[in-house]
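In this chain, residues are counted from 1 in sequence order.
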Amino acid sequence: MWVHWIYLVTLRKATGLNRIDAMRVTAVSVRGAQSVFRRLARDERGNVLIISAVAIIPMLAMIGGAIDASRLYMARTRLQQACDAGALAGRKAMADQNVLADSEKVIARNFFDFNFPTGTYQASNIVKDYVRGTKIGTVVGTASIVMPTTIMQFFGYATVPMSVTCESTLSIPNTDVMFVLDVTGSMLDTPAGDTQNKISGLKQAVGDFYAALGPGTPSGAGRVRYGFMPYSSNVNVGKLIYALNPNFIVGGSGSEQWTYRSRAARLSPNYYISDYGMESGQTPTGSNETAITFNNNWNNLNQDYDGYPNSYGLTLNCTGRPAPGVSSSAGPRATGVQDEAVQYPDTTQTRVYTTTQTNTVRRYRYAYSNLACRLQYDVGTSTKTSTSTSTRPVTWKQKFVAWEYKPVSFDVSQVVQNGIAANPAYFTGYAPDTNPNINFGPDGNGNNYTTPTPDTITWGGCIEEARTTNTITATSSLDVPSGADDLKIDLVPYDTQTRWKPYLPAVQYDSSGNWLGRNAGWIASGFAACPREASPLTQYQSDFNATTKTSASFMTYVNSLTAVGGTYHDIGLIWGARFLSPDGIYSATNSDTVAPGGFQVSRHIVFMTDGTLDTRPNANDPWGINNLEGRIAPASTSEAGLEAIHKRRTSIICNAMKGKGFTIWVVGFGLSAMPQELQDCATDRAHWTLATDSANLRIEFQKIAQTIGGLRLSS
């Protein structure tokens with residue numbers, strides 16, 4: 001019986017037969033052996049030769065069973081593999097996760113046939129079938145065969161049936177994908193033989209990536225999030241960081257200053273009155289009037305027979321006529337003002353007002369003249385003088401002489417918190433003979449510009465980086481130096497030096513007076529650029545269109561990308577890593593502990609660039625202006641030397657990302673060869689590639705998405 005039991009167990013493990021079928025096969029193999037041994041037991045004549053011959057029969061049964069069991073095991077393994085291959089192929093071809101189309105079933109069966117062709121192990125009655133499983137997006141397969149036996153057919157068991165099942169689904173665990181996209185000015189170029197510029201091709205490729213990987217699940221395990229970090233010579237992350245925590249930005253939570261390479265007005269040592277304030281009302285201080293002075297020059301009124309007084313007309317004598325009295329009339333008022341002489345630092349000035357008015361007075365008499373009594377008059381005058389005073393404030397200022405271009409500290413809290421503030425590089429003082437707010441200089445295209453400085457500044461969201469060191473060289477260690485906070489993926493700011501600062505080219509000037517805030521030439525040439533605002537990791541599932549495999553909100557963001565500026569890989573990669581990291585400023589939303597379903601998150605950087613570094617010593621980038629401030633490298637460093645340092649910084653960041661377990665994909669667009677530092681940045685050789693044109697770029701992005709999604713067998 002122990003032989004029977006061992007064979008039964010072996011056969012079941014080898015073939016996958018159920019217990020009943022395996023017992024039937026085993027019974028055949030031992031039945032003959034039992035009959036022979038019973039006859040031998042009754043035969044007392046014992047014969048060694050006969051016993052030996054008879055013993056061969058059970059030995060053949062045992063050996064034959066083992067041989068058949070081995071063949072059946074190999075056949076079942078091959079059958080399972082073929083079933084699995086067909087299920088995988090069917091799921092990969094599945095266009096609609098709700099339906100497995102007939103054409104997709106054909107593909108699944110073809111893959112089965114390729115892996116289990118007719119005649120394999122002499123199997124017959126090969127049947128395979130694939131359908132959509134009960135779970136959405138799942139392909140379920142069944143396959144069965146009939147296997148012939150070899151030795152066991154002599155014991156009455158000629159064939160063994162066997163069947164397997166298989167299931168395949170597109171397994172998307174919790175997955176975060178951060179696109180780090182080169183949107184520099186060269187992305188406006190059109191590759192040779194292409195029909196569109198590179199930025200247009202990139203937008204299509206990113207859309208294809210989404211279509212291939214999909215939106216993920218609306219809730220629970222299988223979440224997929226996408227983030228975007230468009231970069232040129234800067235990244236636009238400041239307002240997102242301010243919203244995340246105001247303390248992460250200088251000036252975000254209170255008055256705080258930062259130093260920019262700017263300008264300050266040089267003024268005359270003397271003070272001049274630039275303005276008088278509103279004058280107060282006049283206060284009377286006195287008045288007086290002079291006595292009347294007559295001319296003693298009498299004039300006849302003989303032309304007026306009805307003159308003054310009316311009751312006295314022309315008469316032959318003047319006896320008894322009364323005194324006629326006087327009359328007067330007021331003349332015009334004349335007012336004069338005299339300002340008090342003031343000297344700095346007098347704050348008010350007194351004004352004295354003097355008003356004069358001359359009154360004309362007539363006195364009358366009757367006098368005998370020319371044989372008649374005539375009315376006569378004499379003219380006299382008097383003067384009335386009145387005085388009053390008022391005051392007005394005096395504003396003193398020094399006169400503008402020239403600009404001094406140098407580092408200047410500004411309070412940036414208003415522009416950070418409100419988005420707009422007074423421009424500290426705009427002169428509002430006393431400049432009666434010049435306009436200090438007109439800028440002159442070359443525009444970067446061989447022309448000169450004349451541009452007025454605005455009186456206000458706005459913040460677009462780009463940043464200046466945290467504290468760094470200028471001791472990194474082209475051969476420095478790949479470990480992040482202790483003083484280089486700008487290279488720390490998981491930096492959480494705690495003071496002014498470690499906080500990020502608002503990027504404000506409107507207040508910045510180089511030492512020659514070239515204004516970095518102007519629009520012409522300088523920005524277009526990459527000396528002061530700010531790309532499209534980045535986007536944190538976000539689910540684009542709610543508006544997913546299963547027919548077109550698109551998300552309107554996803555494509556709205558992608559289509560908003562524009563190309564401008566120079567190429568700084570390190571600033572794009574460090575911020576892509578910060579937005580992806582489970583430990584830094586986004587730990588509250590990125591850590592594994594908050595991922596749905598209790599699954600760890602698969603984290604991917606998809607880094608696309610169309611060129612090598614394009615850094616400039618006199619550009620205004622996230623580290624100021626290096627040839628004036630020397631933050632990244634000594635101020636005297638050449639352009640070639642600066643690019644070598646930025647390459648090493650890129651390698652340091654890539655090394656740190658690998659240390660955090662990120663999978664890094666690198667795609668070179670329109671490059672003849674991938675730069676060595678970018679080859680080394682990729683997770684391995686299988687994770688970097690070159691795309692010659694837009695069509696090839698779309699293919700490569702789809703491949704990456706399909707690999708990230710990863711087809712695996714369901715458990």
>> Does anything in residues 591-606 form a salt bridge (Lys or Arg N to Asp or Glu O under 4.0 Å)? List the pairs, not counting sequence neighbours.
In response: Asp592-Arg603
> According to the ring pair (Phe, Tyr, Trp, His ring centres under 6.0 Å) rule, which pairs have a member within residues 189-221, sequence neighbours left out?
Replying inline: Phe179-Phe209, Tyr210-Tyr226, Tyr210-Phe554
>> Test of understanding: with side-chain contact (heavy atoms from CB on, under 4.5 Å), list the residues that count as partners of Val594, not counting sequence neighbours.
In response: Ser591
> With sequence neighbours left out, which residue pairs that include part of residues 574-593 fulfil the ring pair (Phe, Tyr, Trp, His ring centres under 6.0 Å) condition?
Replying inline: Trp500-Trp575, Phe579-Tyr586
>> For Asp182, give me all partners under salt bridge (charged side-chain N to carboxylate O under 4.0 Å, His left out), at least two apart in sequence or on another chain.
In response: none
> If you look only at pairs with a residue in residues 99-113, which of them pass as a salt bridge (Lys or Arg N to Asp or Glu O under 4.0 Å), with sequence neighbours excluded?
Replying inline: Asp113-Lys128
> Would a distance-only check, ignoring hydrogens and angles, find a side-chain to backbone donor-acceptor pair under 3.5 Å from Ser551 to Phe544?
Replying inline: no
>> Among residues at least two apart in sequence or on other chains, which ones pass side-chain contact (heavy atoms from CB on, under 4.5 Å) with Thr692?
In response: Asn696
> For the side chain of Thr538 and the backbone of Pro536, is there at least one donor-acceptor N/O pair under 3.5 Å apart?
Replying inline: yes
>> Could you work out, with salt bridge (charged side-chain N to carboxylate O under 4.0 Å, His left out) as the rule, every residue matching Arg649, not counting sequence neighbours?
In response: Asp486, Asp570
> Under the 3.5 angstrom rule, does the side chain of Asn545 hit a backbone N or O of Thr550 as a donor-acceptor pair?
Replying inline: no
> Can you check whether Arg223's main-chain N or O pairs, donor with acceptor, with Asn174's side chain at less than 3.5 Å?
Replying inline: yes
> With sequence neighbours left out, what residues match Glu700 under salt bridge (charged side-chain N to carboxylate O under 4.0 Å, His left out)?
Replying inline: Lys703
>> Using modelled atom types and a 3.5 Å cut-off, is there a donor and acceptor pairing between side-chain atoms of Gln80 and backbone atoms of Ala75?
In response: no
>> Looking at Gln600, I want to see if its CD is surrounded by more than 12 non-hydrogen atoms of other residues, nucleotides or ligands under 6.0 Å.
In response: no
>> Strictly by ring pair (Phe, Tyr, Trp, His ring centres under 6.0 Å), give each pair with a member in residues 85-111 just once, sequence neighbours left out.
In response: none
>> Please enumerate all residues that pass salt bridge (charged side-chain N to carboxylate O under 4.0 Å, His left out) together with Lys549, with sequence neighbours excluded.
In response: none
> Which residues satisfy the side-chain contact (heavy atoms from CB on, under 4.5 Å) test with Ala85, sequence neighbours excluded?
Replying inline: Asn115
